[in-house]
Number of protein chains: 2
Amino acid sequence: MRADARRNYDKILATARIVFTERGTDSSLDEIAKRAGVGPGTLYRHFPTREALVDALMQDWTDRVSADADAAIATGQPAREMLLGWFEHFIDHITLHRGAASKICAAMDDPASPMYRKCRVMGDANRRVIDHLDAEGELRPGVDAANVMRLVSGVASVADTSHADLDVRPMLEVVVDGIVRA
Amino acid sequence: MRADARRNYDKILATARIVFTERGTDSSLDEIAKRAGVGPGTLYRHFPTREALVDALMQDWTDRVSADADAAIATGQPAREMLLGWFEHFIDHITLHRGAASKICAAMDDPASPMYRKCRVMGDANRRVIDHLDAEGELRPGVDAANVMRLVSGVASVADTSHADLDVRPMLEVVVDGIVRA
DNA sequence: CCACAATATGGAGACTGTCTCCGTTTTAGC
DNA sequence: GCTAAAACGGAGACAGTCTCCATATTGTGG
């Protein structure tokens, strides 16, 4: 990659991070280009779709999400607390940019999406937590990590969409009660 | 309301019902106007926002959803089956038009939304089911009907957004396990 | 039954956002 | 430095939202 290309790529990404945080992932891409000081053509060459841009920003959090999963396991807390903590961290990360949660929900089961791979990384992180607890015999039989992931992403999406800023805790408690051994 | 106004109002609504079913609630409003044989101005006078149009179509299902809730209670099934059946019906209704589920999630906690009142009607229907089971002592203490509603709408939203057409049953089973008495 | 005030219409067009094309500029290797 | 390859940027085509207002339709009181 040529030096000027790399420079612009980075500028666009840095600007997108700011704008997406301020105004959510549906902000105008032309405006991001303008604020980054590049032409729209340049933005679209580097990131052919809005999803590709969101995806590039996701790298940050997939790392953090992965780390959080392992940290949760390492605490050795009881199943309920461990899950609640993990789910809350997960939701905090994916709702960082307004509108991102529902994009993740959509990408999760769509291998054609550029975000699919990152979703898998997060899915794997979640699977580690679930498998760990399952191995300890803490979960109901038949709990499926992928479905848990969908369910929690759904909660994230509701919280993100909701105008009132919602406390996700009570919803997560229901989910946790639904998966830990009775 | 003048006769010609009523005529156009009805034509727009009928067309919107078709187009929203075919292509989801994000279809072009100008195209709905064109297919209804009216000018865009006429559409926007009757329905100032897309939400207002979705809202007008919702009347159909709030009625059906309400009826379904009472039907579920009347079956006298055990708590788990009753809830699963009710939740599935509810999701079937609100995912009839692609994109509607997430609009409902957004409107549910936003009294300023034109759809808010209809959301309340559906919320009340859900509350009747939950309260009924709670009175029978079938539920965990502290289950909140509003949160159940949000959770199930979240599942609907995930199913609606998902490219793969997802089986909601396993997710609903987790939710049900989370709210019925252990 | 008809005139006319009130009401409703529709489509031109302003505006915003997406995305592409291509003449011009920048870079890197020789 | 020269040059081919790579990258740039912005004009503009296109699509969707929404408004304004000259024109047309309605229904009512005389």
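As the structure is a prediction and not an experimental result, all values here were calculated from the model.
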Requested in this report: Using atom CZ of Arg6(A) as one end and atom C1' of dT26(C) as the other, report the distance to the nearest whole Å.
Outcome: 17 Å

Query - Donor-acceptor pair between Thr25(A) and His97(A) side chains, under 3.5 angstrom - result: no

Query raised in the report: Rounding to a whole Å, what distance do you find between Asp4(A):CG and dA6(D):P?
Result: 12 Å

Query raised in the report: For Ile32(B) and dG16(D), what is the distance between atoms CD1 and P respectively, to the nearest whole Å?
Result: 11 Å

Query raised in the report: Charged N to carboxylate O below 4.0 Å: is that the case for Asp109(A) and Arg150(A)?
Result: yes

Query raised in the report: Under 4.5 Å between any side-chain heavy atoms of Asp144(A) and Val174(B), yes or no?
Result: no

Report task. Please report, rounded to the nearest Å, how far the P atom of dT17(D) is from the CD atom of Glu51(B). Result -> 14 Å

Query raised in the report: Nearest-Å distance, NZ (Lys11(B)) to C1' (dA8(C))?
Result: 13 Å

Query raised in the report: Once each nucleotide of nucleotides 11-25 of chain C is scored for protein heavy atoms under 4.0 Å, what B/S/- sequence comes out, 5' to 3'?
Result: B-----SBBB-----

Requested in this report: Answer yes or no: does a side-chain N or O of His46(A) lie under 4.0 Å from OP1 or OP2 of dA7(D)?
Outcome: no

Query - Whole-Å gap separating C1' (dA7(D)) and CE (Met1(A)) - result: 10 Å

Requested in this report: Round to a whole Å and report the spacing from OH of Tyr9(B) to P of dT7(C).
Outcome: 19 Å

Query raised in the report: Salt bridge between Arg169(A) and Glu88(A), side-chain N to carboxylate O under 4.0 Å?
Result: yes

Report task. Consider only side-chain heavy atoms of I, L, V, M, F, W and Y, link residues closer than 4.5 Å, and tell whether Leu96(B) and Ile104(B) are in one cluster. Result -> no

Query raised in the report: CZ of Phe47(B) versus C1' of dC18(D): gap in Å, rounded?
Result: 16 Å

Query raised in the report: Would you say dT9(C) has OP1 or OP2 under 4.0 Å from some side-chain N or O of Asn8(B)?
Result: yes

Query raised in the report: Are Ile130(A) and Val176(A) connected in a single hydrophobic cluster, I mean Ile/Leu/Val/Met/Phe/Trp/Tyr linked by side-chain heavy atoms less than 4.5 Å apart?
Result: yes

